[in-house]
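Letters A, B, ... are given to chains in the order of the sequence lines, protein chains preceding strands, and every chain is numbered from 1.
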Amino acid sequence: MKIKIGEKKIEKEFKEGKSFWELWKELKKDASLPLCVKVNGVIRDLRDEVEGKESIEFLFDGEEALEVLRHSASHLLAQAVLQLWPGTKTGVGPPIKDGFYYDFHRKEPFTSQDLEKIEKRMLKLSEQNMEIRREIWPKGKAIDYFRKKGQNFKIELIEEKAEGDVSVYAQGEFVDFCRGPHVPSTGYVKYFKILSVSAAYWKGDENRESMQRIYGTAFFTKEALDKYLHFLEEAKKRDHRKLGKALNLFLVSEEIGPGLILWLPKGGIVRKIIEDYWRNEHIRKGYDIIFTPHIADLNLWQTSGHLDFYKENMFPPMEKDNVSYQLKPMNCPFHIVMFKSKLHSYRDLPIRWAELGTVYRYERSGVLHGLLRVRGFTQDDAHIFCTPEQMEDEILSTLNFAREILSTFGFTEYDIFLSTRPEKFVGAIKEWDRAEDALKKALDRSGMEYEIDPGAGVFYGPKIDIKIRDVLGRTWQCSTIQVDFNLPQRFGIYYVEEDGKHQTPIMIHRALLGSIERFFGVLIEHYGGAFPLWLSPVQVEIIPITERNHDYALKLENSLRQAYVRVETDLRNEKLGYKIREAHLNKIPYVMVLGDKEEKEGEISLRIRGKGDMGRMRFSKFLNMLKEKIKNKGQEL
RNA sequence: GCCGACGUAGCUCAACAGGAAGAGCAGCUGAUUCGUAAUCAGCAGGUCAGGGGUUCAAAUCCCCUCGUCGGCUCCA
């Protein structure tokens, strides 16, 4: 039998019938305690019996053990809730990415005071260090037990999931239907925090009961827990809605409507910089820039099929002169009609048409969220019409293009997913295979790592999604590259082949930033509102020390403005410290302080955001440095 | 859309348990002309989200609507 303890490997004969727990006690040399064991690759309870010739690994930490710990924490939560409010019905309580939750059903809502009470009770239960035992019950016994307790959700789960005997876990008076595994006793769950409560449908079904879901998190050590709580605070500080208000970037107004964004001047200029960069790069990559209207004849949406499969996301049509017009939820049908307006030869392909197209989608009120989920937004859309042979190269260059653009905004880590054919799909399987193959080959050639998400493609074609990671390690869906078999057929578009035959082109939809609104929101959070120089709404703040220096300040302001530098001068009758503080709070990258000394020598005193006072330098030197840095679009100041 | 919480000055937030709406910042006016994260004084600013109800009396209690937040579901 092979046993692994941390990095150490031991070969040892061991008798059957003992538990891993006992085995550990015989082997252990120090006070460290494993949470669970991995037996032939499967995570098991320490209380399970050793069967003989397994390869055993004792787990002390790591992702798998953390999941076990959090799962046990969720049981602790349920036990605490049942002790505090007997009769509460319990649902499911799994570990999740950053912690765990447990679903409960009862009339009264849990208040934040209740959450505190629960946490205290959990602490007490942890201190009691109750044994956590797995028991195997006959199905009938389990159902009887939970019926007596009035736990109808548990019964539903047992009837669905259990085949023969039922695995339950018991700690003190609390028994839960659960597959496990768990830590050996409640004392293992020490460092945890109850975070929030919200609603969740039973089994995610809108038609079923609404449960109250209590979220929490748990870690191996106090340090790790504190680190995570600190991360939550940091994320809160970076909230784009908060920063958007503080930095006057954008506004959502009740008077305008929910999910509709007003771009204030400070945000507007950032958007302009992003869009200019975007357009210029597209032209450089062989795209053409096009524009299309915001509404179109309803018939267009009939042809495109959106009325069939997208209706619930569309605002209702408006009628005038016996024509119904539809506010557009997508740009693609316009581009298709434009393709159709001219006869295309295979020699024309690939055609790459890009548009910053503003679309409107009806989103259910509960899902709106700052800039990240809105009802009117501008997609950085493009459609590539190409031959099947060109598909792979086009996808590869799009991938590289995406990488280039995203890294300019400081995003260099991605999670990439290739989504393949779902159960419901249009087009021939042969086409799907070809497209999936092209996407896969392009990904392989790009050298980027990716995961395959089987069956997650859209009904009209397979796709690649790129999720970016921000400085806090959070992921955001932005870029998407989708092959479409549906629209070209529905609109009957074609190009003329070498031999004169008509051929349906491959259509690739792609967005790199996703939407300008969402991307801006992500950018704000990524940078914490402190934009790099090239994106900053105000790049240089000029602060004259006294009124005597106002003319000099205005002269330099003009020089900077003529060099296309975004500059503001603070002529207010305030002290230097006050103005510096304000520039700092506004996260302005460079501050030029101008007093009598500077004015006399044609110099400036420079402050750099995050670095402080850099001393004096000639204005001309500063200007050259500034222009160079803006041109380079660097992340550092 | 669903469940819960919340909505007070431009912003951030007070107002014990129903009894005359308050502070800081921002704004305006004046004084101060200042060397690296807040100078002082004065003034102005509110249909307490909107509507209805209970009460002698409502920011406060009840109902409805709208919006925001946390999630569910959905998603660029």
Side-chain angles (χ1 to χ4, degrees), chain A residues 101 103 105 107-112 114 195-215 236 239 241-242 245-246 248 251-259 310 312-313 329-331 357-359 361-381 458 465 467 476-480 482 509-519 521-522 543-550 572-586 591-598 605-609 612-616:
Chain A
Y101 67 78
D103 284 349
H105 187 80
K107 275 213 185 80
E108 304 73 25
F110 290 109
T111 64
S112 46
D114 289 343
L195 295 169
S196 63
V197 57
S198 61
Y201 300 112
W202 174 239
K203 292 181 179 167
D205 183 346
E206 285 186 44
N207 303 310
R208 294 296 307 266
E209 294 87 339
S210 182
M211 314 286 287
Q212 295 188 62
R213 178 168 294 177
I214 298 180
Y215 286 90
K236 224 178 183 173
D239 190 316
R241 294 164 299 187
K242 212 171 167 172
K245 210 175 252 181
N248 297 306
L251 189 69
V252 183
S253 163
E254 210 174 314
E255 288 177 86
I256 304 296
Y310 208 70
E312 66 279 14
N313 280 299
M330 293 191 185
N331 303 304
T358 304
V359 297
R361 298 182 184 173
Y362 174 76
E363 298 284 353
R364 300 164 107 189
S365 63
V367 306
L368 301 173
H369 182 93
L371 290 172
L372 301 180
R373 194 72 185 275
V374 296
R375 286 184 174 159
F377 59 97
T378 303
Q379 290 183 306
D380 69 313
D381 212 356
V458 200
D465 286 327
K467 295 188 180 180
W476 308 89
Q477 158 85 59
C478 290
S479 314
T480 183
Q482 308 181 350
H509 307 252
R510 47 107 286 188
L512 305 183
L513 309 178
S515 90
I516 303 291
E517 284 76 5
R518 171 183 283 180
F519 192 74
V522 173
I543 301 180
I545 293 178
T546 77
E547 255 172 51
R548 285 193 304 280
N549 313 114
H550 280 193
R572 289 177 307 172
N573 185 5
E574 293 290 350
K575 288 173 126 176
L576 177 58
Y578 180 92
K579 294 182 183 179
I580 285 177
R581 177 186 153 82
E582 190 139 303
H584 177 82
L585 291 175
N586 287 328
V591 173
M592 273 169 40
V593 175
L594 306 178
D596 294 338
K597 291 180 219 163
E598 288 80 6
S605 277
L606 181 64
R607 273 187 76 92
I608 301 182
R609 184 181 67 203
D613 190 353
M614 307 303 284
R616 276 153 61 180

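- Residue contacts for A/Tyr310: at a heavy-atom cut-off of 4.0 Å it reaches no nucleic acid atom on any strand shown.
- Applying the ring pair (Phe, Tyr, Trp, His ring centres under 6.0 Å) rule to A/Tyr215 yields the partners A/Tyr101; only residues at least two apart in sequence or on another chain are considered.
- Counting any heavy atom pair closer than 4.0 Å across all strands shown, A/Tyr215 reaches sugar-phosphate atoms only and no base atom.
- Look at A/Ser196 and you won't find any side-chain N or O under 4.0 angstrom from OP1 or OP2 of B/rG71.
- At the heavy-atom level, A/Glu582 lies nowhere under 4.0 Å from the strands shown.
- Close to B/rG70, at under 4.0 Å from its OP1 or OP2, lies a side-chain N or O of A/Arg241.
- Contact annotation: A/Tyr362 does not reach the phosphate of B/rC74 (side-chain N/O to OP1 or OP2, under 4.0 Å).
- Atom CG of A/Leu368 is separated from atom P of B/rG70 by 12 Å (rounded to the nearest Å).
- Looking at residues two or more places apart in sequence or on another chain, you find a side chain to side chain contact (heavy atoms under 4.5 Å, CB included) between A/Arg548 and A/Thr546, A/Asp596.
- When each of B/rC34, B/rU36, B/rG1 is scored by its nearest atom to the side-chain atoms of A/Ile545, the top-ranked nucleotide is B/rC34.
- Regarding contacts with the backbone of B/rA26, a side-chain N or O of A/Tyr578 is found under 4.0 angstrom from either OP1 or OP2.
- The side chain of A/Val252 lies closest to B/rU68 when the candidates are B/rU68, B/rA37, B/rG1.
- The side chain of A/Glu254 has B/rG67 as its nearest neighbour among B/rC75, B/rU73, B/rG67.
- Considering only side-chain N and O atoms, A/Arg572 lies under 4.0 angstrom from the phosphate OP1 or OP2 of B/rG27.
- Remark: A/Lys575 is not in phosphate contact with B/rU36, judged by side-chain N or O atoms under 4.0 Å from OP1 or OP2.
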RNA chain B base-pair string [pairs: Watson-Crick or G-U under 3.5 Å; |: paired with another strand]: (((((((..((((.....[..)))).(((((.......))))).....(((((..]....))))))))))))....

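- Taking atom CZ of residue A/Arg361 and atom P of nucleotide B/rU73, one finds them 20 Å apart after rounding to whole Å.
- No engagement by A/Thr480 is indicated, since no non-hydrogen atom pair under 4.0 Å with the nucleic acid exists.
- Rounded to an integer number of Å, the gap from OH of A/Tyr201 to P of B/rG1 is 11 Å.
- Side-chain proximity of A/Gln379 to the nucleotides B/rG35, B/rA76, B/rC11 is greatest for B/rA76.
- One atom, CG of A/Leu371, and another, C1' of B/rC69, lie 16 Å apart when rounded to the nearest Å.
- The A/Pro258 side chain lies nearest to B/rG67 when the options are B/rG71, B/rG67, B/rG35.
- If you check B/rC34, B/rA37, B/rG35 against the side chain of A/Lys597, the one that comes closest is B/rG35.
- Checking the phosphate oxygens (OP1, OP2) of B/rG70, a side-chain nitrogen or oxygen of A/His369 falls inside 4.0 Å.
- A/Arg607 has its CZ atom 10 Å from the P atom of B/rU36, to the nearest Å.
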